[in-house]
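What follows is a short report on a single structure.
When a ligand or atom number is given, it counts from 1 through the structure's own listing order. Quick caveat: nothing in here was measured; it's all calculated off a predicted structure.
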Amino acid sequence: MPASNPQIKLVVADTLSAAKAVAQIIADQVKVKPNAVLGLPTGSTPIPVYEELVKMYQAGLIDFEQVRTFNLDEYVGLKPDHPESYAAFMAKHLFSKINIPTCQTHLLDGLTPNPESECKAYEDRLVKEGGMDLLFLGIGENGHLGFNEPFSQVGEGTRMVMLTVETRLANSRFFSAIDQVPTHALTMGLRTILSSKSIVLLAIGKKKAKAIKMCLEGEIKDEWPCSVLKGHEDVLVVCDGDAASGM
Ligand code: F6R
């Protein structure tokens with residue numbers, strides 16, 4: 001395995017330009033294929049990207065009427081109207097502000113009594129819709145993609161996972177206390193992620209520097225789920241200078 005993967009393209013820009021670049025990539029995908037299937041993340045990182053997409057929509061530069069979306073993950077046990085559910089996040093930051101029909105937006109049901117069949121139905125639906133054309137990813141400090149925590153396997157599909165303490169700690173900033181952060185989530189698997197035709201990953205801030213280094217350099221390692229992106233032929237990583245500072 002080479003020290004770095006020449007297949008993964010890297011762009012380093014200031015924080016706002018990085019978010020704008022990712023929004024432009026999404027807009028370009030929708031322009032080329034108006035009914036594109038997009039994979040989408042939640043968290044702090046995508047917020048400025050979604051803001052930019054809303055601005056583009058308001059300016060008449062992008063039309064979401066035929067777009068279909070599949071979110072990467074959802075917490076287990078939170079109702080869709082819980083303010084920290086990913087369903088509520090997507091409604092607040094994107095879906096309520098653009099013209100995408102709700103029936104074309106897909107999120108895993110964190111309240112399902114049967115996680116296994118929920119995850120299988122999600123995978124089946126994704127395949128039926130033709131698979132993801134473009135998957136937009138964030139990245140965890142521990143290198144997680146979606147909620148595929150360290151030691152997730154590349155062959156795994158959508159499933160229920162237990163969150164690591166460090167992920168619950170990182171995400172406790174959105175909750176009143178760490179014990180309010182769900183212990184489990186449903187997530188697309190690494191296999192599902194790698195099935196997307198193209199991938200754009202956005203990383204902002206010093207806390208992501210080690211994960212970005214492991215994503216771009218060295219071998220694929222089980223401890224660093226992000227390193228599996230080396231096995232995909234169309235990945236663009238967009239970082240600010242801090243996130244790129246580990247290389
Ligand atoms: C959330 C997701 C996660 C986040 C990651 C980074 O849907 O897929 O992998 O992308 O935890 O989160 P932020 O952007 O809050 O640092």
Side-chain angles (χ1 to χ4, degrees), residues 15-16 18-19 22-23 26 38-52 69-76 78 80 82-95 105-110 119 122 126 132 134-152 156 158-175 178 181-194 196 199-212 214-215 224-229 235 237-240 242-244:
T15 308
L16 188 59
V22 173
I26 294 170
L38 304 176
L40 298 176
T42 56
S44 302
T45 314
I47 292 175
V49 177
Y50 295 151
E51 283 171 357
E52 193 59 28
T69 64
F70 284 81
N71 266 81
L72 276 157
D73 42 21
E74 179 58 284
Y75 288 120
V76 166
L78 298 191
H82 185 290
E84 297 311 329
S85 77
Y86 288 166
F89 175 100
M90 291 308 297
K92 176 176 171 191
H93 293 285
L94 190 64
F95 297 153
T105 65
H106 302 90
L107 278 126
L108 286 151
D109 175 7
C119 293
Y122 202 67
L126 183 55
M132 290 177 281
L134 174 63
L135 170 59
F136 169 25
L137 291 174
I139 188 168
E141 292 168 37
N142 64 359
H144 72 210
L145 302 177
F147 276 134
N148 292 281
E149 299 283 35
F151 301 100
S152 296
E156 287 171 316
T158 302
R159 68 203 188 288
M160 184 161 83
V161 293
M162 194 162 112
L163 300 176
T164 59
V165 173
E166 64 262 32
T167 292
R168 293 182 66 229
L169 202 56
N171 289 5
S172 64
R173 70 192 191 277
F174 300 113
F175 293 82
I178 187 168
V181 184
T183 54
H184 291 75
L186 304 181
T187 183
M188 282 186 193
L190 293 175
R191 186 189 72 217
T192 327
I193 286 172
L194 293 175
S196 180
I199 296 173
V200 59
L201 184 152
L202 179 61
I204 301 296
K206 198 108 194 150
K207 287 182 174 173
K208 305 293 173 73
K210 178 83 199 256
I212 287 299
M214 302 315 283
C215 174
W224 291 94
C226 55
S227 68
V228 303
L229 294 179
V235 180
V237 172
V238 182
C239 287
D240 70 348
D242 283 343

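For the residue pair Asn148 / Glu156, no side-chain donor-acceptor distance below 3.5 Å is found, with atom types taken as modelled. Between the side chains of Thr158 and Arg191, no donor N or O sits under 3.5 Å from an acceptor N or O. Using modelled atom types and a 3.5 Å distance limit, the side chains of Thr167 and His144 yield a donor-acceptor pair.
Annotation: the span from Ile212 atom CD1 to Asp242 atom CG amounts to 12.0 Å, rounded to 0.5 Å. We find the OG-CG distance between Ser85 and Leu78 to be 6.5 Å, quoted to the nearest 0.5 Å. Taking CD1 from Ile204 and OG1 from Thr45, the interatomic distance works out to 7.0 Å, rounded to the nearest 0.5 Å. Atom CD of Glu141 sits about 9.0 Å away from atom CG of Leu169, to the nearest 0.5 Å.
Between Asn171 and ligand 1, no pair of N/O atoms sits closer than 3.5 Å. Every N/O-N/O distance between Gly43 and ligand 1 stays at or above 3.5 Å. Checked against a 3.5 angstrom limit, the closest N/O atoms of Thr45 and ligand 1 fall inside it.
Taking a cut-off of under 4.0 Å to the non-hydrogen atoms of Leu72, the atoms of ligand 1 that pass are 8 (O). Atoms of ligand 1 lying under 4.0 Å from any heavy atom of Gly138, numbered from 1 in the order shown and given with element: 10 (O). Near Pro41, meaning under 4.0 Å from one of its heavy atoms, ligand 1 places the atoms 7 (O). For ligand 1, the atoms closer than 4.0 angstrom to any heavy atom of Asp73 are 1 (C), 2 (C), 7 (O), 8 (O).
Counting heavy atoms closer than 4.0 Å to ligand 1, residue Thr187 contributes nothing at all. Residue contacts with ligand 1, taken as heavy atom pairs separated by less than 4.0 Å, involve Arg173 solely via side-chain atoms from C-beta onward.
With hydrogens and angles disregarded, a donor-acceptor distance shorter than 3.5 Å links the side chain of Arg168 to the backbone of Ile178.
Aromatic rings from Phe89 and Tyr75 are positioned such that their centres are separated by 6.0 Å or more.
For atom 11 (O) of ligand 1, the closest non-hydrogen atom of the protein is His144 NE2, 2.7 Å. Given atom 16 (O) of ligand 1, the protein heavy atom at minimum distance is Lys208 NZ, 2.7 Å. Scanning the protein for heavy atoms near atom 3 (C) of ligand 1, the closest one is Gly146 O, 3.6 Å. Nearest protein heavy-atom neighbour of atom 1 (C) of ligand 1: Thr42 OG1, 3.2 Å. In this structure, atom 6 (C) of ligand 1 lies nearest to the protein heavy atom Ile139 O, 3.3 Å.
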